[in-house]
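Following: one structure in structure tokens, then a few remarks.
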Amino acid sequence: MPTDQPELLHLRADGVSVLLRLPTDRQAEILWWGTDLGPLGDAELSSVATASVGSVPNNSLDRPYRRGLLPERSQGYRGRPGLVGHRSGDAFAPLLRTAQLTADANTVVLTAVDERSGLQVVSTLQLDANGVLHLHHTLTNTGDTAFEVGELALIVPIPADATEIADFTGRWTAERMPQRLPLREGAWLRQNRRGRTGADAATLTMVGTESFRFRSGEVWAVHLGWSGDQSVWAESHPDGTRVLGAAELLEAGEIVLAPGEEYTTPELFAVHSAAGSDGIADRLHAMLRARAHHPTTPRPVVLNTWEAVYFDHDLARLQHLAEVAADLGVERFVLDDGWFGGRRNDLSSLGDWQVSTEAWPDGLGPIARHVQDLGMQFGLWFEPEMINEDSELYRAHPDWVLADPDRLPDTSRHQQVLDVARPEVSAYLFSCIDSLVKEYRIAFLKWDHNRDLVAARHHGRAGVHAQTTAVYGLIDHLKDANPGLEIESCSSGGSRVDLGILQRTDRVWASDCNDAVQRMQIQRGTAQLIPLELIGAHVGPPTAHTSHRTHDLSMRVAAALFGHFGIEWDIASATDADRAGLREAITLYRRLRPLLHSGSLVNVDHPDPAAMAVGVVSKDRRSAVFTYHQIAMGIREAPAPLVFPGLDPGLHYRISRLEVAGAAATVGRQPPPWWTADETVLPATVLGTLGLPLPVLHPEQAVLLELTAL
Ligand code: GLA
């Protein structure tokens, strides 16, 4: 480490500080990550450097405790170490020392070496303009024998007053359900061995001050941008260790570095907020919206054929569905599963990405052209990483499966996984998809992935890492070859929602559950990570296929508005009244989408567990839309007043009821007077505190309100 380097380096952005200690004889260490410490001059930094050195407790190592970027066993670290690996059993406890540093604006690149162990780690830290800390490491084997990597972790410190953990779990049709627990001594460890992100993924691991809520409390959160196996943890020990960590989960022997080879971790996104979990979402949404490839065109109204026709692919029926859709204002028509090979159900043909001559004797031209002539984009479903044993592809290439060919894992949805890291497999997939995209002017791919990977094996060793990077490469190649092509990440509904896949896709299918009550909760969890324009949300049929609950159209529309709006319903057989309601809903969505897809998400900390309320406030805070959902029959005789956080406290707002697709069903003797008044204008200070009384609603009813500053 050059001796003229300061002892501390201070990064600041948008209310966040990261303070790095740069000792000359050890690794660098994050001393502080959290609230902005304000400008600190050289003299102050030097005082902080001295003042932050801790004491030496009894019965411990005889020097103040230090934790580097990669906490080390060689330093007596008792938590989960940063770098686990070995060289034929040795080099198991590396001792890294920073050898080089480059700092450019808010990006710091640190090179740490351990010559004896033959290891070099280049760590890149960037505090972006939205206050999100990005961190990744590249490990190089500088020795002259092989080094096996067990784990290379991304670890950030959290302070002592972060005492509660909140993350997510779930299952098919109940993705990203929140859970919360106290952070005690020990580790809260979430591990994913599905080979895909999973419906039960932690998604975002948040720790916060006691009772932190959507809009209050201090929160620290991490997310690993990776779609393969991973571990994420919050850890606390009596020695003062308090960290959040995450790493790719590697199987034994999965990554063995030959001399000169390197391994790069996925990117960790570390987010701090002094304004509750909505503050975390705000920073992440701003970061994603600032990406060069973030979708900027108005998010088109989608019609997806899955719940409308399932495998019943009939040209006349689908052409008629397209006509009804176009007439209502639909802008993108997506033909789902069932168009290829011999696929008349989910038993066969994955891998045979040639148009079915039985279902589509004249190819997809007649439907694609019809859709395009009606002024809509044409989209198509694929499940590229999968293969059915009953397929032409499997019969020709049984060795293309990502498994030991003599020990195939059990099928799941009757399918196996293709070894995409084999160049001939990804070349085959590229050529099938690319030629169809070009032939039919396909604007949108729904890219599905409907099973977990089990004992994934590539070239005789564990293969999830190779598979994940190969799939990323395939998507990148298709995107490069087809400028403007949009891709949706779907995986048995919402089982692949992460910032690794979203680096190269344009939206996620949040869930196969279109039940409005359930969906609002799934979307709330999903929106903790990504903004509404990236979250597919469809109006389903009156009775939801996945829950068998029936909801009014107004409720289903209110849920689908808080996402990238679409329809998944056989609207050709819907009633005239429902079609008229959908037409109104589409008109409203088109009017509101500039606000919904650029504003700040506001989750109301509503006191009644039988209700949920959410809104979007425009960046200039002059307009907003809120929805209140009575999700169950609660114990309150009338709803608790609805408060509207996030408005400009200096402004007055006009409140308008948006009654689309029918009014919410109310009960009770009379609604509050403002409900029927000609005009209601109130100061933001009142709306954010007293709020507004609501009429007594039947359960599973929604109210939509628009707020406009005077
Ligand atoms: C998965 C998806 C659905 C649909 C089906 C088609 O389950 O989540 O939306 O595309 O596959 O088989």
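Both ligands and their constituent atoms are indexed starting at 1 by order of listing.
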Exercise. Considering residues at least two apart in sequence or located in another chain, which fulfil the ring-ring contact (aromatic ring centres under 6.0 Å, His included) criterion with F168?
Worked result: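 If we apply the ring-ring contact (aromatic ring centres under 6.0 Å, His included) test to F168, skipping adjacent residues, there are no hits.
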Exercise. If we ignore angles and hydrogens, is there a donor and acceptor under 3.5 Å between the side chains of D419 and H458?
Worked result: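 Looking only at side-chain atoms, H458 and D419 do form a donor-acceptor pair, the distance falling under 3.5 Å.
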For this session: Only counting residues at least two apart or in another chain, list the ones meeting side chain to side chain contact (heavy atoms under 4.5 Å, CB included) with D404.
Result: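 Partners of D404 by the side chain to side chain contact (heavy atoms under 4.5 Å, CB included) criterion, ordered by chain and then number, come out as D406, R407, R457.
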Exercise. With a cut-off of under 6.0 Å to the ring centre and 45° to the axis, is R519 in cation-pi contact with W509?
Worked result: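 Because its charged atom sits under 6.0 Å from the ring centre and within 45° of the axis, R519 does stack over W509.
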Could you go through ligand 1 and note, for every N or O atom, any protein N or O atom closer than 3.5 angstrom, writing the atom names and distance to 0.1 Å, or 'none'?
from     : atom 1 : to   : atom 2 : distance (Å)
ligand 1 : 7 (O)  : D512 : OD2    : 3.2
ligand 1 : 8 (O)  : G493 : N      : 2.8
ligand 1 : 8 (O)  : D512 : OD1    : 2.7
ligand 1 : 8 (O)  : D512 : OD2    : 3.0
ligand 1 : 9 (O)  : K446 : NZ     : 2.7
ligand 1 : 9 (O)  : D512 : OD1    : 3.1
ligand 1 : 10 (O) : D336 : OD1    : 2.7
ligand 1 : 10 (O) : D336 : OD2    : 3.3
ligand 1 : 10 (O) : W381 : NE1    : 3.0
ligand 1 : 10 (O) : K446 : NZ     : 3.0
ligand 1 : 10 (O) : D448 : OD2    : 3.4
ligand 1 : 11 (O) : D448 : OD2    : 2.9
ligand 1 : 11 (O) : N450 : ND2    : 3.2
ligand 1 : 12 (O) : D337 : OD2    : 2.6
ligand 1 : 12 (O) : R413 : NH1    : 2.9
ligand 1 : 12 (O) : R413 : NH2    : 3.0

For this session: Can you spot which of F378, W381, F382 makes a ring-ring contact (aromatic ring centres under 6.0 Å, His included) with W339?
Result: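 Among F378, W381, F382, the one meeting ring-ring contact (aromatic ring centres under 6.0 Å, His included) with W339 is F382.
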For this session: Quick one: list whatever passes side chain to side chain donor-acceptor pair (under 3.5 Å) with T587, sequence neighbours left out.
Result: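 Scan of T587 (side chain to side chain donor-acceptor pair (under 3.5 Å), adjacent residues dropped) gives none.
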